[in-house]
Amino acid sequence: MTTETTPRAPRAERFDPSSFEGKWRERWEADELYVSRDDDPRPKHYILTMYPYPSGDLHIGHWFAMTGPDIVARMHRMQGESVMFPMGFDGFGLPAENAAIDRGIHPATWTYGNIDNMRRQMRLMAASFDWSREVVTCDPEYYRWQQWLFLKLYEAGLAYKAMGAVDWCPKDKVVLAREQVEGAERRCWRCGTQVEKRDLEQWWFRITNYSDELLNFEGLDYPEPIKSMQTNWIGRSEGAEIDFSTEPDDVAPIRVFTTRPDTVFGATFMVLAPEHPLVSVLTTEDRRADVELYVADARRETEIERMSTEREKTGVFIGAHAINPMTQERIPIWIADYVLPGYGTGAIMAVPAHDERDYEFATKFELPIRYVVAPASGELPEGRALVEHTADEVLIDSGEFTGMPAADAIGAITKALEERGQGQLAVTYRQRDWVAGRQRYWGCPIPIVYCDEHGAQPVPEDQLPVVLPLDVDFAPTGVSPLQSHAGFLTASCPTCGGPARRETDTMDTFVDSSWYFLRYCSPAYEDGPFDRVKVDEWMPIHLYTGGSEHAVMHLMYFRFFTKALRDLGLVSIDEPTLKLRNQGQILGADHNRMSKSRGNVQAPDELVARYGSDTVRAFLMFVGPWDQGGPWSATGMEGIHRWLGRVWGAAQPTDRDLQRAAANDGEMVGTVEEMERALRRATHTTIAAVGEDYDGFHFNTAIAKLMELTNAIVRAREAGRAGGQAYAEAVDTLLVLLAPIAPHVAEELWERRGHPYSVHQQPWPVADPALAASDTLELPVQVDGKLRDRLVVTVDTPADEIERMALASEHVQRYLAGRPPLRVIQIPGRLVNIVTPRE
RNA sequence: GGGCGAGUGGCGGAACGGCAGACGCGCCGGCCUUAGGAGCCGGUGUCGCAAGACGUGCGAGUUCGAAUCUCGCCUCGCCCACCA
């Protein structure tokens, strides 16, 4: 029974992501589509993105950061690998404690509440995380094993307690690692308060044992800036240590470090840091009052004042003299705060002629300046130090070494010093050990007790975990609430059983993140921090992604930890990851970092409600290179939505489209065969390009290519080709290639096209080079490098034929103006360049 | 001061040393609509009616050919900084 009414063509259903996105997420989760199984025989591939701090809400920057590796993980799964892509939470940290103080919410309540919310938001994002491996670092099951690892490091001497000058944040009332102090103004990385120096007894990790190894990036695919920042931070300097004997009787020789042993003949005085232990020994009685005054002043100064290069040099003579080991001259010993106690030996030989700081000091205090290195011309600078190097520089005024090239003199002089027992080659690093303890509550307790009789004692393994008590008082007294918790404080000595006091410092949260990637390999393991067998199977991480702001913090600590655990015999790898990629930062619309206080935070939830998850994902990946980031702007979101709408329409040709195809009703360009061929070519070139782009993190260009394929498909439909084989192949391929970026749309359309669930389990398509190849090509023709014409030729056109055609071109002829070409350069398949004689 | 990045249309950005501006946004024109903050089609680096000329921060260089390589400047971002 037919009716004459409503002959309107049935229109495709409107593209409405909210009608299907939720349904698919539930199904994927129920089917455990992204759960990685240890017994999966396929090749294992570990992809990891840095777990977030549970601050409360996922912001658009998290989406940006996590969608990239999610795309790569999804593609690798489709390429037949067993992909582990886990997620967890960096549960300990200061904000939780501040919330407790400010708002009376317990840190645990606050943290776990935030985790619940962020887990929900991450599900909305449809990232293909394997939640079965989730790790939350503030769970006792996690930090128990961290305490265990701490004890192993302690036993091996890699964790130790010692006095040291440390950075102290007066606002957070906590010590900071050097890496956590930012900028010239030396501000706390968390709260921005200027830090102070304090001498405190602290827990440290001996990361400096690994300084040299951490400099080695061989075989590591890390971004250049990260390698450079870590290298700078470690600050390896090669030079020599030289001993200067002192008067009287050389009771206290001074050892200095210098990178310029070649200039020792120019050392006309010495400078010790005010804190140097020999200061009090060497100071003569008549100078003692002045010296003590200066030392006390230096101690009072803030770090910022002291480190300022702007500031005029200060210092005092201590009355004592040293002997220059090469010239045997008697030279005065000074103290000055420009010499730092923590670097080198805390003492220098001052060579004012070849060091700007020493020059400034010598000028101010009228100390002798003697040039000992000069260019071959003999020309010396006036009124400044000679610090720049020339290839022809030689030593002058340097006894038996006079005339020697400076480059050779470093070795020669060091050797001479060594022969008389006054020096040797030495290497110094700027890197310090990592301050591991924090005077805060919400962190992993350090498993140590103090006995009056036996001192610091490790908590026995069978007593782990040392549980963080929850019933504590958060009154902001300035000391950790653990210090007033009698039940926690009271312990017994494992050696004598007598009364002991428990350590109240907790660990830096960067300890938590230094091994979480190992825990993911066996998250429920109860006999140790991780199952060695699983770790050997999964590690190292094939691809690690996260922010570059962690360059000298987490990204160095996790390398250190891996190496330390290797030396403890716990893992067999040298490096945690072979490949690191940093996403750029998404800034607020005002070009500032997104923060609640600035009110420029873009919440993803409302965008998702409006456009759907896929659109937000694709938009973020399209705005620019992933490693670049940039200020947030929703301009263009509509364009992405329109594109997915076009995919929606193209994948569901209407009856009318099919009728037109059957009737060959459309604007044909060439024959049906030619059009089908062109569409297949578009399909296969896209396959090849998109896969490469995903692996290279070029998601923006991958999307551009998918858009081009979509446009080709739409054009084919409008030309009446919607019914053909090529059309179906193009659409189905598009959906598979699109699946990593827009998982919901791809799945929904895959089903609507009658294919079996799931698009995410389809094999990744392989490009057929024969189909991708074109049989004609357009060659640009240049004259003297400037584009003048284009030739359309078949690919098999011989070179001499192309040359003939190029020269025959009327546009080319005009520029040749009758002259014969000097030569013709052909880059096969690329271009023709005709070179004309030069005037 | 040192190290590392980056400068391309109105905007986000493309471009193995080989057609500068892919893809998208925006804008302009048109179609379709009672309507359009929907959809579709076309145009859109600058100057020029056109032919054409000029164009990748500035200046040199290498090359048949440079956004791309080299050198020197300028600007911006990040990291380090009295580190001997």
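Keep in mind that the numbers below use all heavy atoms, side chains included, and drop hydrogens, waters and symmetry copies.
- A:Trp233 comes within 4.0 angstrom of sugar-phosphate atoms only, judged by non-hydrogen atoms across all strands, and of no base.
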Dot-bracket, 5' to 3', for RNA chain B please: Watson-Crick or G-U pairs under 3.5 Å, [ ] where pairs cross earlier ones, | where the partner sits on another strand, dots elsewhere. (((((((..(((.....[....)))((((((.......))))))(((....)))..(((((..]....))))))))))))....

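- Under 3.5 Å, the side chains of A:Arg646 and A:Asn711 contain a donor-acceptor pair of N or O atoms.
- Of the residues in residues 350-358 of chain A, A:Arg357 come within less than 4.0 Å of RNA chain B through at least one heavy atom, sorted by number.
- Legend: residues meeting ring pair (Phe, Tyr, Trp, His ring centres under 6.0 Å) with A:Phe365, ordered by chain and number and at least two apart, are A:Trp334, A:Phe361.
- Take A:His684 and apply the side-chain hydrogen bond (donor to acceptor under 3.5 Å, both in side chains) test, not counting sequence neighbours, and it matches A:Glu729.
- Every residue meeting the side chain to side chain contact (heavy atoms under 4.5 Å, CB included) condition with A:Glu388, not counting sequence neighbours, appears here in chain and number order: A:Arg384, A:Leu386.
- Interface remark: the A:Lys705 side chain does not form any donor-acceptor pair with the B:C23 base, using a distance-only criterion of under 3.5 Å.
- Note on ring orientation: taking the six-membered ring where Trp is involved, the planes of A:Phe510 and A:Trp189 are tilted (angle from 30° to 60°).
- Listed by chain and residue number, nothing satisfies the salt bridge (Lys or Arg N to Asp or Glu O under 4.0 Å) test with A:Glu810 (two or more places apart in sequence, or in another chain).
- Ion pairing of A:Asp167 with A:Arg178 is absent here, as no side-chain N (NZ or NE/NH1/NH2) approaches a carboxylate O to less than 4.0 Å.
- Looking at residues two or more places apart in sequence or on another chain, you find a ring pair (Phe, Tyr, Trp, His ring centres under 6.0 Å) between A:Tyr371 and A:His354.
- The C1' atoms of B:A67 and B:C78 are separated by 23 Å, rounded to the nearest whole Å.
- Electrostatic pairing of A:Asp355 and A:Arg357 counts as a salt bridge here, judged by a charged N lying under 4.0 Å from a carboxylate O.
- One P atom belongs to B:C40, the other to B:G59, and the distance between them is 44 Å to the nearest Å.
- Between B:G65 and A:Arg823, no contact under 4.0 Å exists linking OP1 or OP2 to a side-chain N or O.
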Could you list the donor-acceptor pairs under 3.5 angstrom formed by side chains in residues 620-632 of chain A, with sequence neighbours left out?
from, atom 1, to, atom 2, distance (Å)
A:Trp626, NE1, A:Phe64, O, 3.0
A:Trp632, NE1, A:Gln602, OE1, 3.2

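- Considering only side-chain N and O atoms, A:Arg642 lies under 4.0 angstrom from the phosphate OP1 or OP2 of B:C25.
- Under 4.0 angstrom from either OP1 or OP2 of B:A84 there lies no side-chain N or O belonging to A:Arg255.
- With B:C82, B:C4, B:C80 as the choices, the nucleotide that has an atom nearest any side-chain atom of A:Pro225 turns out to be B:C4.
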Under-3.5 Å N/O pairs linking protein and nucleotides 50-52 of chain B:
from, atom 1, to, atom 2, distance (Å)
B:G52, OP1, A:Arg814, NH1, 2.8
B:G52, OP1, A:Arg814, NH2, 3.2

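- In the set B:C82, B:A84, B:C4, B:C4 carries the atom at the smallest distance from any side-chain atom of A:Glu224.
- A:Trp63 is linked by a ring pair (Phe, Tyr, Trp, His ring centres under 6.0 Å) to nothing, counting only residues two or more places apart in sequence or in another chain.
- Contacts of A:Gly639 with the nucleic acid, taken as non-hydrogen atoms under 4.0 Å apart, involve only primed sugar atoms and P, OP1 or OP2.
- Between B:C23, B:A81, B:G3, one nucleotide has an atom nearer to the side chain of A:Ser228 than all others, and that is B:G3.
- A:Ser237 comes within 4.0 angstrom of sugar-phosphate atoms only, judged by non-hydrogen atoms across all strands, and of no base.
- Among the protein residues, A:Arg715 comes within range of no part of the nucleic acid, since none of its heavy atoms lies under 4.0 Å from any strand.
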Summary of protein contacts for nucleotides 11-18 of chain B, nucleotide by nucleotide, where a base hit scores B, a sugar-phosphate-only hit scores S (4.0 Å, heavy atoms): -BSS-B-B

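- Distance noted for atom C1' between B:G21 and B:U68: 15 Å (whole Å).
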Check nucleotides 42-49 of chain B for protein N or O atoms closer than 3.5 Å to its own N or O atoms and list the pairs.
none

